[in-house]
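Note that the structure is predicted; figures quoted are calculated from it, not measured. Quick note on labels: first sequence line is chain A, next is B, and so on, each numbered from 1.
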Amino acid sequence: MISRRDFLKYTVKGAAGLAVPLAAIEIVNPKKILADSQGIGKTRWVFLVDTYKCVGCGFCVKACKIENEIPYDANVTRTWVERYVNTKDGRLFADTPKGARDGFTTNKIDLGLGKFQDVKNEDIRRSFFVPKLCNQCENPPCVQVCPVGATYQTPDGVVLVDRTWCIGCGYCIMGCPYGVRFFHPKYHTAEKCNFCYHRISKGLKTACVQACPFGARMIGNIKDPNDPVTKIVTTERVGILKSEYGTKPQVYYIGLDEEVR
Amino acid sequence: MVHGEIWTLKELFVLPNEYIYWSIQIVMYPFMTGLVAGAFVLSSLYHVFGIKELKDIARFALVFSFALLFAAPMPIVLHLQHPFRGINVMMTPHFTSAIAAFGIVFFSYGAIVASELWFLYRKHFVESALALREKQDKSLYENILYLVFCALTLGVTDISQEALHKDEKAIKTLAGIGIPVACFLHGYAGFIFGSVKANALWMTPLMPVIFIMSAVVSGIALCMLTYIITMELRKFLMGIKKAHAVGFQTKEDLKSVEINVIRMTAKYLLFFLIAAISLELLDLIFRGYTAVKSWDVLRSVIYGRDFAAIFLFQYGLGNAVPFILFLLPGLTLRRAVVGVLLVLFGVFMMRYNVVIGGQAFSLTFMGYMHYELPIIPHDWETLKEGLFGALGIFVMPFVLFWVLSHIFPIFNYEESH
């Protein structure tokens with residue numbers, strides 16, 4: 001039978017003994033070592049969209065679907081292009097049929113429920129296209145609300161989804177103010193744009209940037225002062241989407257308008 | 001087909017990935033947890049605050065709350081795209097998410113209800129186990145019952161007056177702790193919605209409080225309804241068998257007890273109903289008065305597209321009509337049944353209008369989504385997230401209640417705390 005005094009003695013010794021290896025883990029922080037060896041902390045991926053250059057061809061959407069294996073005919077997409085049309089009588093129309101996968105080829109505005117509105121060229125006051133994708137927010141609400149930690153932010157700022165751990169509750173889809181998330185038709189897990197993380201981490205451009213014939217899309221590292229994207233973002237006037245949500249989005253827009261949702 | 005596409009109709013400018021992802025089962029989830037919390041609060045009114053008039057319904061409500069508790073997480077399981085991974089919430093809870101607390105809240109609440117029930121029925125377990133032990137030539141059913149009761153005693157057979165007195169104390173304490181936990185269980189369901197900043201209709205700090213109030217309303221209403229149904233059944237059976245019940249002598253006695261309990265409970269129902277409606281109206285008025293960016297689209301949904309669902313069904317049929325029915329003097333059983341059915345319908349519509357209504361408009365504030373509930377199932381998804389899935393969830397607690405009532409006798413039980 002162990003006495004109370006001995007019991008307390010052993011407890012203290014045991015706790016002290018355990019504290020030594022635990023302290024070692026703090027001194028030798030694996031995360032920090034990895035970061036130092038791989039240059040993590042020197043990269044923060046951001047995106048730049050020049051809306052003046054976008055013509056709504058939809059090549060980016062096509063390229064994205066193929067690159068990231070989103071079923072081609074499924075009505076979901078990681079990136080899409082929106083069309084905004086202001087008429088001379090003060091009305092605003094906007095649409096994105098099939099995410100603009102096939103481009104905008106007619107003047108007919110998609111009103112949903114199979115209805116279309118034909119807007120004549122002479123009635124248009126102005127019209128423009130806005131490509132959309134995940135904003136890889138600095139303060140991502142989707143990561144905050146995931147109950148199992150299946151979606152997370154990488155040290156270089158990209159938000160990823162672990163398809164093997166996602167339970168498919170849809171809370172992240174509800175939490176995203178930009179509507180970039182959906183359920184993958186095949187894997188039935190949350191799905192989103194990840195700036196083609198498999199490409200950018202190897203020094204390649206994203207599929208959409210590669211496919212854009214007009215250079216409307218650019219990806220860059222905001223922590224690199226010589227990066228062309230950094231130069232534009234820091235020296236020119238750029239906008240972000242829905243700043244009121246406090247998500248600190250990292251997709252910057254040239255030529256953003258108040259009408260853009 | 002993409003999840004959600006089958007029951008979503010898009011109109012005007014809606015983003016390509018937007019669908020009604022949270023459908024009927026997410027309507028059922030707060031509805032069911034609301035019933036759990038409400039039933040528990042009703043039972044605690046007697047155990048904690050000693051409201052004697054509610055003694056008869058208190059025990060009933062507690063057993064019912066336990067039955068409902070098992071049904072409460074089922075809608076979520078049916079909703080998940082990967083139901084078998086649901087356990088991940090407890091394996092790797094990510095505590096910045098409101099849903100991550102589910103396992104902890106749910107199980108601590110379950111533990112409280114289970115232990116309160118155990119203390120309440122301990123004497124019954126011991127007596128039943130001892131009686132069955134004495135009995136010769138037990139049938140298979142009796143053998144099973146014997147094993148169940150033996151297990152339920154947890155090896156404690158002391159039912160002296162002193163021990164029972166301690167039990168009573170424990171029940172009171174547990175019921176006291178249970179009230180805030182029950183409110184938390186449901187308030188947190190409200191928090192899941194209220195904290196979604198991307199959703200203009202959901203985001204309000206009032207959401208958890210509104211959910212708790214309407215939860216208590218629905219819980220009391222369902223207990224009243226089930227109470228009336230079981231009492232009527234007993235009267236009916238008495239009429240057939242001409243037998244005497246243990247607790248009550250005649251059919252008339254039973255009837256007078258029934259109407260007294262119902263009249264008393266109805267008063268508490270009214271109190272919580274007033275609180276719930278006031279908060280909901282406050283929320284609506286505040287939105288209209290402050291009229292922030294999202295108000296234009298919200299107004300068109302609330303006063304336009306969903307007008308019938310909100311003002312006719314929820315506030316009118318579900319709140320105003322039962323309110324008048326209960327306020328009119330001389331409440332009869334028939335009127336009470338109509339009243340509680342309407343209250344339950346009203347609370348269900350409130351959940352529906354919050355969950356589906358919150359997804360009725362696009363993030364662009366320039367488009368709308370219509371929800372079409374799948375009625376005839378043609379695949380697994382339309383079965384579990386359709387009318388039949390929802391009905392199954394609603395029926396489940398009644399079946400469980402019937403099973404549980406074999407172990408926890410609800411009526412004719414003399415020793416009562």
Side-chain angles (χ1 to χ4, degrees), chain A residues 61 71 74-78 80 82 92-101 109-113 115 132 141 143-152 164-171 173-185 187-192 242 244-247 261, chain B residues 1-5 8-19 21-23 26 76 79-103 192-193 195-200 202 292-293 358-359 362-370 381:
Chain A
V61 183
N75 287 320
V76 283
T77 175
R78 287 178 167 205
W80 67 96
E82 295 166 1
L92 170 68
F93 294 101
D95 69 343
T96 170
K98 271 199 169 286
R101 184 195 70 186
I109 307 279
D110 185 1
L111 298 181
L113 303 175
K115 282 186 238 160
K132 293 266 186 89
V143 172
Q144 182 188 30
V145 300
C146 177
V148 295
T151 189
Y152 55 97
T164 63
W165 205 249
C166 171
I167 60 173
C169 66
Y171 204 15
I173 303 178
M174 291 293 138
C176 176
Y178 305 100
V180 302
R181 282 178 171 254
F182 54 93
F183 281 127
H184 194 289
Y187 303 109
H188 305 288
T189 50
E191 182 71 23
K192 67 183 279 295
K242 300 190 183 185
E244 67 271 24
Y245 290 105
T247 54
R261 307 302 167 113
Chain B
M1 203 166 223
V2 180
H3 179 76
E5 198 174 0
T8 310
L9 290 178
K10 295 182 174 186
E11 196 182 346
L12 300 173
F13 183 34
V14 180
L15 299 178
N17 299 330
E18 280 189 284
Y19 292 100
Y21 287 103
W22 282 6
S23 62
I26 302 296
I76 300 224
H79 158 77
L80 289 185
Q81 292 289 293
H82 284 277
F84 293 115
R85 291 185 192 169
I87 194 75
N88 290 6
V89 176
M90 279 155 238
M91 307 263 280
T92 56
H94 185 238
F95 285 113
T96 56
S97 168
I99 297 181
F102 182 81
I192 289 177
F193 293 96
S195 63
V196 177
K197 63 181 168 189
N199 193 302
W202 292 347
V292 293
K293 197 174 172 184
Q359 299 169 84
S362 165
L363 289 166
T364 61
F365 297 159
M366 277 174 71
Y368 300 95
M369 288 188 282
H370 302 272
E381 195 159 275

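Outside the 6.0 Å centre-distance limit, the rings of A:Tyr152 and A:Trp165 are not counted as a close aromatic pair.
The candidate from B:Leu12, B:Leu15, B:Asn88, B:Leu80 with the greatest count of non-hydrogen atom pairs under 4.5 Å with chain A is B:Asn88. Ranking B:Asn17, B:Ile99, B:Leu9, B:Thr96 against chain A, the residue ahead of the rest is B:Asn17, based on heavy-atom pairs under 4.5 Å. Of the listed residues (B:Ile192, B:Ile26, B:Ile87, B:Val196), the one with the most heavy-atom contacts under 4.5 Å to chain A is B:Ile192.
Neither the backbone nor the side chain of A:Glu191 comes within less than 4.5 Å of any heavy atom of chain B. Using a 4.5 Å cut-off between heavy atoms, A:Leu92 contacts chain B through both its backbone and its side chain. Heavy atoms of A:Ile173 lying under 4.5 Å from chain B belong exclusively to its side chain. For a residue to count as touching a neighbouring chain, one of its non-hydrogen atoms must lie under 4.5 Å from one of that chain's; by this rule B:Glu5 touches chain A with the side chain only. Heavy-atom distances place the backbone of A:Cys176, and not its side chain, under 4.5 Å from chain B. The part of B:Ser195 that comes within reach of chain A is its side chain, from C-beta onward, which places non-hydrogen atoms under 4.5 angstrom from that chain. In this structure, chain A has heavy atoms under 4.5 Å from both the backbone and the side chain of B:Lys197.
If you check the side chains of A:Arg261 and B:Ser362, you find no donor sitting under 3.5 Å from an acceptor.
Ring geometry for B:Tyr19 against B:Tyr21 counts as perpendicular: the plane angle is over 60°, on a 0 to 90° scale with 30° as the lower cut. Between B:Trp22 and B:Trp202, the ring planes lie parallel to each other; the angle is under 30°, not in the 30° to 60° tilted range.
Salt bridge absent: B:Glu18 and B:Lys10 never bring a charged side-chain N and a carboxylate O closer than 4.0 Å. Here A:Glu244 pairs with B:Lys293 in a salt bridge; the nearest charged N to carboxylate O distance falls below 4.0 Å.
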